[in-house]
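Whatever order the structure lists ligands and atoms in, that order sets their numbers, starting from 1.
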Amino acid sequence: MDDSPVPVVTVLTAPYDAQKPGTSGLRKKTNVFQTKPRYLQNFVQCIFGSIDLRDRQGSTVVVGGDGRYYNNAAIEIIVQMAAANGIGHLVIGQNGILSTPAVSCIIRKIKAIGGIILTASHNPGGPDGDFGIKYNISNGGPAPEAVTEKIFQLSKTIEEYSICPDLKVDLTTIGKQQFDLENKFKPFTVEIVDSVEAYTNMLRNIFDFNALKELLSGPNQLKIRLDAMHGVMGPYVKKILCEELGAPANSAVNCVPLEDFGGHHPDPNLTYAADLVQAMQTGDYDFGAAFDGDGDRNMILGKHGFFVNPSDSVAVIAANIFTIPYFQQTGVRGFARSMPTSGALDRVAKATKIALYETPTGWKFFGNLMDANKLSLCGEESFGTGSDHIREKDGLWAVLAWLSIIAKSKQSVETIMQEHWQKYGRNFFTRYDYEEVDAAAAGKIMKDLETLMADRAFVGHKFTVCEEEYIVDKADNFEYCDPVDGSVSRNQGLRIIFTDGSRLIFRLSGTGSAGATIRIYIDSYYKDACKIFKEPQVMLSPLIKIALKISQIHERTGRTSPTVIT
Ligand code: VG1
Ligand code: CO
């Protein structure tokens, strides 16, 4: 074997524009990463460049991805560049596989300086799909805006990057590999770890596995169906739910990670997880759940396909939080939701006198609150639920949280949800997504809306639809001042709040890879027993009409309906 040191080389490059991380990482069409010369290398160099040299030297970084097309080719480049940039130690999931929550877990466990996750999350994969990179910092959470901005600034002036092109790593075998590098005193090590082990151990310390085992494999077994949508969660579901907790092997479907997710959107919602919805409608299962490509999102369904809205899901977990042993130990410090998420959580916070924080969209805003011991449980309407056990949303954690509640209450998903509404009232919620709208047109729609909302007569304006009246109480562009570090994030979504508390929110997505996605979020609260069991689309129909009217979205995009309704 050749044991001469691995050469470190500097390669000249030139900047690309628009290497700006969005809500969570940089996402582009796969062929942008594959065919634009040095595109990935530039961005990776900027990630390493954002870390102070003294912190970077000899540090540990975690790397893994959701297994989508280009995952391992990207990891090879990252390994070669990490070595050349002074990183001392890489911890990589076997075969390049780690879910987003698992990366967060490992970063915290081994006190790594950060982590790189190869994923475009819920976006489709494959050569014609999307690829992406998320960068997480030492608390295990997505890089905050100050860091992503630094990365973006570096990407605009980059002239060269460092790489060890001859360094070849074996991703298949668990264990340590060591490399001597030219010009470096200390060897560079790569450690391949089991993709699910550390994460499984963590969950074991959070939940009562014996009670869950009894629920899933005891005499009164709950029949479950979990759909990994051919994303990264397959191995985690099989190991934790089937092997550890005893759910039958056929409870877990689509558990083989595929490079293109079988051609589907690995997005757990009623549209893209239609197979699961159908299977649940047969009545053969009591509990269903699906996950997204990188395992941080979850959708919860009850028997006959009863849908739990994610905004309600976090509220139910909050109301039953002490069924989870972890919180019995840590206590509950605070709750938080992203601004567009419905106010269901606020009702529980108020009743339990626990602080409630409202943050902009994206998990990065929760991390600061958690690090400052202000936050225990949080959620987003976009199928994200999690707690301060890590710094990412966590799909499987949410499933085990729900199963814990079922184990304790011995009630069905539907009954748990209905009793919750009876006690706290119900926030009806819907989201309309218009995907791949022309970016300029979308920008103009938002700009015109903002102008309309700024009109002095807008506050106080009365909309009358179907005999319902809505009077505008407040209209603004949401701005967040972080209570921990005082940083301000502007332009986080246009909000119209009516005097009865109902809300209309318009926001441009920050995770798309082509054109623009416009999201409209609608939220309205009712407490009357005769209203809380009605259909959200019916209850929200006047507000939906107002939203479509003031934005003129159909007229201006040529669409007749949204791409996805949640
Ligand atoms: C979407 C969701 C947001 C979520 C983000 C990342 O962002 O709305 O709530 O945090 O995706 O989710 P946007 O900007 O498209 O609305 V995921 O599963 O990447 O990690
Ligand atoms: Co995701």
Side-chain angles (χ1 to χ4, degrees), residues 20-27 64-68 98-104 115 117-125 130-136 141-145 148 228-229 231-233 236 261 265-269 272 290-299 310-311 313-314 336-342 358-367 378-386 390-398 429 431-437 442 446 478 489 491-493 505-521 563-564 566:
K20 189 176 171 61
T23 312
S24 186
L26 179 74
R27 298 180 196 189
D66 64 9
R68 71 180 61 219
L98 282 176
S99 72
T100 291
V103 170
S104 188
I117 314 169
L118 293 315
T119 176
S121 191
H122 55 289
N123 299 22
D130 287 359
F131 189 75
I133 301 194
K134 295 183 179 184
Y135 172 55
N136 284 22
E145 282 186 342
T148 53
M229 301 188 82
V232 76
M233 286 312 284
Y236 295 82
F261 308 110
H265 282 246
D267 195 354
N269 59 35
Y272 296 127
F291 308 96
D292 73 336
D294 63 328
D296 51 358
R297 298 185 179 205
N298 73 93
M299 176 171 72
S311 300
S313 175
V314 64
R337 61 166 172 82
S338 64
M339 182 275 283
T341 303
S342 95
E358 183 180 38
T359 61
T361 296
W363 214 259
K364 55 190 164 210
F365 298 98
F366 297 133
C378 52
E380 291 192 287
E381 47 66 41
S382 56
F383 298 86
T385 332
I390 52 171
R391 295 293 180 271
E392 285 280 4
K393 51 191 185 279
D394 189 341
L396 197 52
W397 176 92
F429 177 87
R431 183 174 107 183
Y432 277 33
D433 293 329
Y434 296 82
E435 293 175 359
E436 293 192 31
V437 172
M446 293 294 283
F478 182 62
S489 303
N491 242 325
Q492 298 295 328
I505 293 143
F506 298 84
R507 205 186 135 258
L508 291 180
S509 152
T511 56
S513 64
T517 294
I518 304 174
R519 303 199 197 285
I520 307 178
Y521 312 77
T563 324
V564 177
T566 300

Are Asp294 and Arg68 close enough for a salt bridge, meaning some N to O gap below 4.0 Å?
no
Suppose we measure from atom 10 (O) of ligand 1 to each protein heavy atom; which comes out shortest, and what is that distance?
Glu380 OE1, 2.7 Å
Residue, atom and distance of the protein heavy atom nearest atom 14 (O) of ligand 1 read Thr23 OG1, 2.4 Å
Go through it in stages, so that I can follow the logic: the residues are Asp292 and Lys393, the test is salt bridge (charged side-chain N to carboxylate O under 4.0 Å, His left out), and I'd like the CA-CA distance, side-chain angles, deciding distance and then a yes or no.
CA-CA 11 Å; Asp292 73 336; Lys393 51 191 185 279; over 6 Å; no
Around atom 16 (O) of ligand 1, find the nearest protein heavy atom and jot down its residue, atom name and distance.
Arg507 NH1, 2.7 Å
Parallel, tilted or perpendicular: which describes the rings of Tyr272 and His265, with under 30° parallel and over 60° perpendicular?
parallel
At under 4.0 Å between heavy atoms, which part of Thr517 makes contact with ligand 1: side chain, backbone, both or neither?
neither
State, with a plain yes or no, whether a side-chain heavy atom of Ser99 is found less than 4.5 Å away from one of Tyr236.
yes
Could you tell me how the ring of Tyr434 sits relative to the ring of Tyr432: parallel (under 30°), tilted (30 to 60°) or perpendicular (over 60°)?
tilted
Which heavy atom of the protein is the closest neighbour of atom 20 (O) of ligand 1, given with residue, atom name and distance?
Lys134 NZ, 2.5 Å
For the residue pair Pro310 and Glu380, establish whether any side-chain heavy-atom pair is separated by less than 4.5 Å.
no
At the Co ion (ligand 2), what angle lies between atom OD2 of Asp292 and atom OD1 of Asp294, rounded to 10 degrees?
90°
Pull out every atom of ligand 1 sitting under 4.0 Å from any heavy atom of Asp292, numbered as shown with elements.
18 (O)
min-distance protein heavy atom vs atom 7 (O) of ligand 1 -> Thr511 CG2, 3.4 Å
Just checking, is any N or O donor in the side chain of Thr517 or Asp433 under 3.5 Å from an acceptor N or O on the other one?
no
Please check whether Arg297 reaches ligand 1 - meaning an N/O of the residue sits under 3.5 Å from an N/O of the ligand, judged on distance alone.
yes
Do Arg337 and Glu358 sit within salt-bridge range, that is, some charged N less than 4.0 Å from a carboxylate O?
yes
Under a 4.0 angstrom heavy-atom cut-off, which atoms of ligand 1 come close to Thr361?
3 (C), 8 (O), 9 (O)
Atoms of ligand 1, numbered as shown, that sit under 4.0 Å from any heavy atom of Arg519
8 (O), 13 (P), 15 (O), 16 (O)
Answer yes or no: is there a side-chain heavy-atom contact under 4.5 Å between Cys378 and Trp363?
yes
Shortest protein heavy-atom distance from atom 9 (O) of ligand 1, along with the residue and atom involved
Ser382 OG, 2.6 Å
How far is atom 18 (O) of ligand 1 from the closest protein heavy atom, and which atom is that?
Ser121 OG, 2.5 Å
Do any of the N, O or S atoms of Ser121 sit under 2.8 Å from the Co ion (ligand 2)?
yes
At the 4.0 Å heavy-atom cut-off, does Arg27 count as touching ligand 1?
yes
To make sure I understand the geometry: which N, O or S atom in Asp296 is closest to the Co ion (ligand 2)?
OD1
What atoms in ligand 1 come closer than 4.0 Å to a heavy atom of Asp296?
17 (V), 18 (O), 20 (O)
Short side-chain donor-acceptor distance under 3.5 Å, Ser104 and Asn136:
no
Closest protein heavy atom to atom 6 (C) of ligand 1, given as residue, atom name and distance to 0.1 Å:
Lys393 NZ, 3.5 Å
Is it true that a side-chain atom of Thr563 and a backbone atom of Glu435 form a donor plus acceptor pair closer than 3.5 Å?
yes
Ligand 1 contact by Gly362, heavy-atom criterion under 4.0 angstrom:
yes
Side-chain heavy atoms of Trp397 within contact of Pro101, under 4.5 Å:
no
